[in-house]
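Below, chain A is the first sequence line, B the second, and so on; all start at residue 1.
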Amino acid sequence: MLKIYNTLAREKQVFTPIQAGKVSMYVCGMTVYDFCHLGHARVMVVFDMVSRWLRTSGYEVTYVRNITDIDDKIIKRANENNETIGQLTQRFIDAMDEDSAQLGVIRPTLEPKATEYVNGMIEMIQTLIDKGFAYTAANGDVFYAVNQFEGYGKLSGKSLEDLRAGERVEVDTFKQDPMDFVLWKAAKPNEPSWDSPFGGPNHGKGRPGWHIECSVMSSHLLGAHFDIHGGGQDLQFPHHENEIAQSEATHRCQMVNYWMHNGFVRVDDEKMSKSLGNFFTIRTVLEKYDAEVVRFFILRAHYRSPLNYSDQHLDDAKLALTRLYTSLRGQVAADVEVDWQQPLAARFKAAMDDDFNTPEAMAVLFDLANELNKSKSTETAGLLKKLAGILGLLQRNPDDFLQGDMSQTLNIDDLIQARAEAKKAKNFAEADAIRKQLLEAGIVLEDTPQGTTWRRA
RNA sequence: GGCGCGAUAGCAAAGCGGUUAUGCCGCGGCCUGCAAAGCCGUUUAGACCAGUUCGACUCUGGUUCGCGCCUCCA
């Protein structure tokens, strides 16, 4: 029985889908004005893992991850780069697709773009105005009136009084309440804009605010009420709080049953973020580390825990993953159906059902590897590969992982051959010299009963 | 200031009121010509102070420290 930590309830709850056998899940995706960093990688990998486990559990999953392709930063960046917004966003959407594919992330079922739903946004904003939850300000911006929504603060555990007390933002004189947030931004010169009926100095011309995008895309694609909504912890407030306010005021029903928030990636114990400038892009990291190592590194921590990034930790993850691949090397992995009664499989399932406890699930993988090293059983190899596959790991030919792109290095085989001959002639000095030469080139030799193999250091 | 989260061995990271987490590193052994890999064994824990309990790393309270949100942010 799957349990999920629900941010809304602040506890683990048994997962019961709205519709038996089906799960609808929405995750806030990227704003595409730059390359994705490791924080984005974590969101992609974590919710990919979630969707995989849900599918493994027998659910038919509709997974929506949106793309924000209109926003202040995009406009600014496009201007700086002297390219159109469309060129800029497409470039970074392509880059994101490359990065996520590298990380073994299965494409979400649907990846809506904000710009394709502007009409829907205008409709929802109009509904909110009609119902008294929103108003057009003197400057043409449309704001959501937070004091009109009873449950405002229920997700983040904040009260409007506390929020106002801690108010650090310059008060926008056009707002009725400092906590009101923008639904529609009046157009400024040289900015893309859409026509709307909201009035104001420039006759409604403008563009949608960020929060409204997700309310509209989720309800269009998953309905007014759906199962799971995910995203990074930093979106809990205000973004997700605002989504609830918009959607529930519009549809008059609960928006989401389970809210899931993944922890941050940190650098030196500080949150990795664009604003702090301490971020590493996925592609930078992939220059140095195998993408599967990065995925392994992410899944090695619980999704709600902070994850400290450093080369040392990636190196450690690489060694650990090497152990798993080494156990599968030269083994035939039987294409088994997982028997969930099998003790280790049962442990794996219990771990995953317990709020997606991937660290514990991975411990099972290592236990299986140990068993495999002893038994050389094709069944065990099959089970290891199958369970790891649920996490999106260990699906490559072990040699691909262990040897990497070193296989282009010339004459490894010749040197191994020469060493074998030296050994045969009991010329161990020569044999060791060859081994040392290869080691210095980053190649580790391993003598086995079946002959000598190699891997990258 | 308000709200919330965390503190586990050298590093990383889980579960659990009493019994080996797991991976890397270290140490001893087996294996090996020697290594590597693997196997067997093993050293390092639970910030601090109280309390509950037959028994607490695990529950409760407090202290200290760290982090996050309250502003765009995954």
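In the set rC40(B), rC73(B), rC70(B), rC73(B) carries the atom at the smallest distance from any side-chain atom of Leu235(A). Distances were taken from every side-chain heavy atom of Asp234(A) (C-beta onward) to each of rC70(B), rC73(B), rA14(B); the shortest belongs to rC73(B). Ranking rU71(B), rG33(B), rA37(B) by closeness to the Ala431(A) side chain, first place goes to rG33(B). Ranking rC40(B), rU22(B), rA14(B) by closeness to the Phe366(A) side chain, first place goes to rU22(B). Counting only heavy atoms from C-beta on, Asp447(A) has its side chain closest to rA35(B) among rA35(B), rG38(B), rA74(B). In this structure, the nucleotide among rA13(B), rA74(B), rG23(B) sitting nearest to the side chain of Phe264(A) is rA74(B). Side chain of Asp367(A), nearest nucleotide from rU22(B), rA13(B), rC69(B): rU22(B).
Contact check, Lys318(A) against rC24(B): no side-chain N or O comes under 4.0 Å of OP1 or OP2. Side-chain nitrogen and oxygen atoms of Arg435(A) include none within less than 4.0 Å of the OP1 or OP2 phosphate oxygen of rA35(B). Taking 4.0 angstrom as the limit, Ser305(A) places a side-chain polar atom (N or O) nearer than this to OP1 or OP2 of rA14(B). Taking only side-chain nitrogens and oxygens, Asn370(A) comes nearer than 4.0 Å to OP1 or OP2 of rC39(B). For the OP1/OP2 pair of rC69(B) and a distance below 4.0 Å, the side-chain nitrogens and oxygens of Lys271(A) include at least one atom meeting the criterion. Applying the 4.0 Å criterion to OP1 and OP2 of rA37(B), one finds that Trp454(A) has every side-chain N and O outside that range. In this structure, Asn373(A) reaches the rC39(B) phosphate: one of its side-chain N or O atoms is under 4.0 Å from OP1 or OP2. OP1 or OP2 of rG38(B) lies within a sub-4.0 Å distance of a side-chain N or O belonging to Arg323(A).
Donor-acceptor pairing under 3.5 Å, judged by distance alone, is absent between the side chain of Arg300(A) and the base of rA13(B). Between the side chain of Lys158(A) and the base of rC69(B) there is at least one donor-acceptor pair of N/O atoms closer than 3.5 Å. Residue-to-nucleotide contacts include a donor-acceptor pair under 3.5 Å from the side chain of Asp316(A) to the base of rG23(B).
Between Arg419(A) atom CZ and Phe428(A) atom CZ the span is 9.5 Å, to the nearest 0.5 Å. Expressed to the nearest 0.5 Å, how far OG1 of Thr68(A) lies from OH of Tyr33(A) amounts to 11.5 Å. Note that CG of Asn370(A) is 9.5 Å distant from OG of Ser327(A), once rounded to the nearest 0.5 Å. For the atom pair CD of Glu98(A) and CG of Leu103(A), the computed distance is 12.0 Å after rounding to the nearest 0.5 Å. One finds the CG atom of Leu387(A) at 12.0 Å from the NZ atom of Lys349(A) (value rounded to the nearest 0.5 Å).
Within the 4.5 Å cutoff, the side chain of Met362(A) has heavy atoms near those of the Leu299(A) side chain. Counting heavy atoms from C-beta on, the side chains of Leu38(A) and Val294(A) come closer than 4.5 Å.
Val265(A) comes within contact range of at least one nucleobase, with a heavy-atom separation under 4.0 Å. When heavy atoms are screened at a 4.0 angstrom cut-off, Glu446(A) is found touching base atoms of the nucleic acid. At a threshold of 4.0 angstrom between heavy atoms, the contacts of Gly263(A) include nucleobase atoms, whether or not backbone atoms are also involved. Here Glu360(A) lies in heavy-atom contact (under 4.0 Å) with a base.
Rounded to whole angstrom, the span from the CD atom of Glu371(A) across to the P atom of rU20(B) amounts to 18 Å. The nearest whole Å value for the distance from the CG atom in Leu445(A) to the P atom in rA36(B) is 12 Å. In this structure, CH2 of Trp210(A) is placed 6 Å from P of rA74(B), rounded to the nearest angstrom.
Taking a pair as Watson-Crick or G-U wobble with both distances under 3.5 Å, the runs of three or more consecutive pairs in RNA chain B are B:1-7 with B:64-70, B:10-12 with B:22-24, B:26-30 with B:38-42, B:47-51 with B:59-63.
Under 3.5 Å, the side chains of Thr7(A) and His261(A) contain a donor-acceptor pair of N or O atoms.
Between Met362(A) and Asn357(A), it is Asn357(A) whose nearest contact on RNA chain B lies nearer the 5' terminus.
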Evaluate the side chain to side chain donor-acceptor pair (under 3.5 Å) criterion for residues Asp180(A) and Tyr135(A): first the C-alpha distance (whole Å), next the side-chain angles of each, then the deciding distance (0.1 Å), finally the verdict.
-> CA-CA 10 Å; Asp180(A) 287 351; Tyr135(A) 57 93; 2.6 Å; yes
